[in-house]
Amino acid sequence: MDSIPVNWEALDSLIIDFVKSENLIEDSISPSTSPSPSLSPSPSSSTSSSSSSSYQSRLLIRQIRRSVECGEIDAAIDLLRVHAPSVLDDHRLLFCLQKQRFIELLRKGTAEDRESAIRCLRESLAPCALDAYPEAYEEFKHILLALVYGEEDKNSPVASEWSPRRRIDIAGLLSSVLRAHLCAYDPLFAMSLRYLISIHKLFCFRQGVPSPISDLTQRLLLEDRDPPATPLDSSYEAPPFDEVDIQALAHAVELTRQGAIDSLRFAKGDLYQAFQNELCRIRLDDPMFDELVHEYCVYRGFVNFSMVDAPGMQLSINNDQSESGQLSKNCSAEVEQGNNKLSGSDTSATQVIMEGSPESNANLASILSTDTEERCPSETSYGDCSTSGTPQFGKVLQKNKCLRVGETNKRKRWRGRHENTEFVSPRSCFLNRMKNKEDKHELVLGLKELASRGMTEEVVEEINEMDSDFFVQNPSLLFQLKQVEFLKLVGSGDHTQALRVACSFLGPLASSHPDLLKPLKETLLALLKPSEEAFNDHLPLCALASTLQVAIGRRLGIEEPQLMKIIKATLYTHSEWFKLQMCKDRFEGLLKIDALKEVGAKLIIDASRLDVDMSTDGSSQVTGSSNNRKQDDGSPTQSSAREVGCDETAILKVMEFLALPRADAIHLLAQYNGNAETVIQQIFA
């Protein structure tokens, strides 16, 4: 299965927003902390307050869910009365809870609890049954049979009432209602991933193609959904909703048409709120999801390299104080010299994301801030911790640490959803293995950071010093790095040195690889531009840095995070699915899917459009991809349907009457000259 270019900086922003919203990292402004009062609150403080409120509401929903799933109905009702009393005004929900409370009292089995169950019938359940809904009184009489038929009788008329599954259904229903009532939706990335995986699975099923990530998606996305929240108004009048909205919602989250109408009615006609309500009904395996996010954050350098052995037991091996205690003036001078070479053209990953929303900027600033003025540790002999056993690797690693000590000291510690103060000391051999892996991560992150700053000459030098064969097997990467160096020199007015780079590297590479000849010609056109335009702040250095990170990482045995594989595959199938539907996804802007596909300005040879196909020996072959943003976003919205002789009204009519997906409706209309009535007549003939 193919993949499309991914804007990794947009993904970074979404994931950082997720980990901060879920309070998964330490030393950040905890969502549970209330902001200090201010006479004139800033937008950032307002955002923080909103995030705090949403986080607290999600915690409340989880607590109520756990209480119901454990059979502690009284505890759940008490929480509702304190934090969301208006939810209990819906007598349908209250009747449902009281029925389960009656069952749970009987389940305990003691004489005292049986008396409590009978008292529950008289004082709570019977009054609720009178005005909950028309069928409630019949259900009330039916559940009285639980006094006669016990839990162990699997063939009794009330076996379903005793089933533990009933707890899960009630807990899910309460979660759906509370989520909408408290506006406590999951963080954006969690909803985006649910949506992308759902479409990916649907695409693979409909097209009959195998999924390359099925082992991940089957475990991550649970089959069961929470029951939907239903509106109080159950009248059957014609819905006052646009058929376009009904069909968009129904096919986006796989609902029946009536299910989409009920969801819109519950959301009072708000399509996007209904969409979020339905999307959050899809459940994720939270421990696995957190593990994937943690792996990604370590890979990208947002959190400390650490080992999580079990929930709550985490061993962080970053920020070795013995290494950072001594300072080296030579390393400091090297950092300053490298920064001076940029001449104000520094475009790190942090800066790219900072151009986004204020919320993302605040998140990124606290995690990715670096201080290039800090000194580096003195040289240290690693002994058994050497990753490759070669002096070259150790030398490059030590030089790399000089440049990154400021950043590593400011990374956050992953705390997860559970904290446990118990600590079991691991064996020294295990620590050595973890230290070796950390060294590799640090080296890769250092090279990525240099590339994102435009310090490509240093990147090439360090990689050649570490592995002289790397660029032999990755000529396109070398071309891109030297291309940046060429543009920097042209931008500084040093045309002589720029031409020397072109003659020494770009020309020979283009001679050996004809596909680079055209990019070489276009690169040389920079000589005709004003110096200040040749190298600017809008070059996609972060895309190049990410491509380099994947290639050099795999060369060292570091696989890209599984989350990257999921995003690449699901973004591709998302684009292909909406090409089949011949329309644009109405929800991709809400979920920032369009931002994930939106690659930035390009180099002459665009790093974000390169697919790195790694072989088993760790080498990589970089090839151009034919995909681009304009082709993938499904932009030919209505014109594609018109090309086959269909108008939007006819498409919607066939979708509505025949309950067909959009693509199937279009194909049928194409067979009958776009006439919806003819299609319907032929189907029912």
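A donor-acceptor contact under 3.5 angstrom links the side chains of H251 and Q247, judged on distance only. Side-chain contact annotation: E139 with Y133, donor-acceptor N/O pair under 3.5 Å present. Of the N and O atoms on the side chains of R92 and T230, at least one donor lies less than 3.5 Å from an acceptor on the other residue. Side chains of S54 and R58: a donor on one and an acceptor on the other come within 3.5 Å. In this structure, a donor-acceptor pair under 3.5 Å is absent between the side chains of H200 and T570. Side-chain atoms of S211 and K201 form no donor-acceptor pair, as typed in the model, at a separation below 3.5 Å.
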Side-chain donor-acceptor distances from residues 267-275 under 3.5 Å, at least two apart:
{"residue": "D270", "atom": "OD1", "partner": "Y272", "partner atom": "N", "Å": "3.1"}
{"residue": "D270", "atom": "OD1", "partner": "Q273", "partner atom": "N", "Å": "3.1"}

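Two residues are said to be in side-chain contact when any heavy atoms from C-beta on lie closer than 4.5 Å; S546 and V550 fail this criterion. Contact check for E576 versus Q207: no side-chain heavy atoms found under the 4.5 Å cut-off. Looking at D290 and L24, their side chains come closer than 4.5 Å, going by heavy atoms from C-beta outward. Looking at E295 and L563, their side chains never come closer than 4.5 Å, going by heavy atoms from C-beta outward. Using a 4.5 Å heavy-atom threshold, the side chains of K592 and L188 count as touching. For the pair E254/R225, a side-chain contact is recorded, criterion being any heavy-atom separation below 4.5 Å from C-beta on. By the 4.5 Å heavy-atom criterion applied to side chains, D262 and P228 are not counted as neighbours. Side-chain contact between V253 and S198 is absent, with no heavy atoms from C-beta onward closer than 4.5 Å.
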Going through the checks in order, is the side chain to side chain contact (heavy atoms under 4.5 Å, CB included) test met by C542 and K448? CA-CA 8 Å; C542 290; K448 169 179 169 283; over 6 Å; no
Trace of the side chain to side chain contact (heavy atoms under 4.5 Å, CB included) decision for L174 with L97: CA-CA 10 Å; L174 271 176; L97 285 169; 3.7 Å; yes
With salt bridge (Lys or Arg N to Asp or Glu O under 4.0 Å) as the criterion, how do E69 and R166 come out once you've worked through the C-alpha distance, each side chain's angles and the decisive distance to 0.1 Å? CA-CA 9 Å; E69 289 177 344; R166 184 58 63 93; over 6 Å; no
Apply side chain to side chain contact (heavy atoms under 4.5 Å, CB included) to V298 and H294, showing your working. CA-CA 6 Å; V298 170; H294 177 239; 3.7 Å; yes
Between D12 and Y296, is the side chain to side chain contact (heavy atoms under 4.5 Å, CB included) condition met? List the steps. CA-CA 9 Å; D12 290 345; Y296 182 90; 2.5 Å; yes
Apply the test salt bridge (Lys or Arg N to Asp or Glu O under 4.0 Å) to residues R179 and D226: give CA-CA distance (whole Å), side-chain angles for both, the deciding distance (0.1 Å), then the verdict. CA-CA 11 Å; R179 196 180 296 118; D226 288 339; 3.5 Å; yes
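Ring orientation note: the planes of F189 and F18 are nearly perpendicular, at an angle over 60° on the 30°/60° scale.
When all heavy atoms are compared, the tightest approach of F587 to A248 is CE1-O, 3.8 Å. Closest approach of L249 to A260, counting heavy atoms only: CD2-O, 3.7 Å. When every heavy atom of A84 is checked against every heavy atom of L178, the shortest pair comes out as CB-CD2, 3.8 Å. Closest approach of F95 to A132, counting heavy atoms only: CB-CB, 3.8 Å. The two atoms that bring K584 and F578 nearest to each other are C-CD2, 4.2 Å, heavy atoms only. The shortest non-hydrogen separation linking C297 to I15 is SG-CG2, 3.8 Å.
The side-chain hydrogen bond (donor to acceptor under 3.5 Å, both in side chains) search around Q276 returns none, not counting sequence neighbours. Looking at residues two or more places apart in sequence or on another chain, you find a side chain to side chain contact (heavy atoms under 4.5 Å, CB included) between D224 and R165. A650 pairs by the side chain to side chain contact (heavy atoms under 4.5 Å, CB included) definition with D647, L669, A676, not counting sequence neighbours. Y299 is linked by a side-chain hydrogen bond (donor to acceptor under 3.5 Å, both in side chains) to nothing, counting only residues two or more places apart in sequence or in another chain.
With values rounded to the nearest 0.5 angstrom, L596 atom CG is found 7.0 Å from S192 atom OG. Atom CG of L221 and atom CE of M288 lie 10.5 Å apart (nearest 0.5 Å). Atoms CG and CD, on L182 and Q56 in that order, are 11.5 Å from each other to the nearest 0.5 Å. The NE2 atom of H181 lies 9.5 Å from the CG atom of L80; values are rounded to the nearest 0.5 Å. Note that OG1 of T573 is 14.0 Å distant from CZ of R206, once rounded to the nearest 0.5 Å. Interatomic distance, OG1 of T523 versus CG of L516, reported as 9.5 Å (0.5 Å rounding).
Distance alone, capped at 3.5 Å, is enough to place a donor-acceptor pair between the S176 side chain and the P227 backbone. Checked by atom type and distance alone, the side chain of S163 never pairs as donor or acceptor with a backbone atom of A159 at under 3.5 Å. Looking only at distances, no side-chain donor or acceptor of R219 sits under 3.5 Å from a matching main-chain atom of S214. In this structure, S13 contributes its side chain and E9 its backbone to no donor-acceptor pair below 3.5 Å. Remark: side-chain polar atoms of S263 are not paired, donor with acceptor, to backbone N or O of G259 under 3.5 angstrom.
Applying the salt bridge (Lys or Arg N to Asp or Glu O under 4.0 Å) definition to pairs two or more places apart or across chains, those involving residues 272-285 are E278-R281.
Here the options are L193, L196, L571, the test is side-chain contact (heavy atoms from CB on, under 4.5 Å), and the partner is I566; only L193 passes.
Heavy-atom contacts from other residues, nucleotides or ligands closer than 6.0 Å to CD of E243 number more than 12. Residue-environment remark: OH (Y185) exceeds the threshold of 12 foreign heavy atoms within 6.0 Å.
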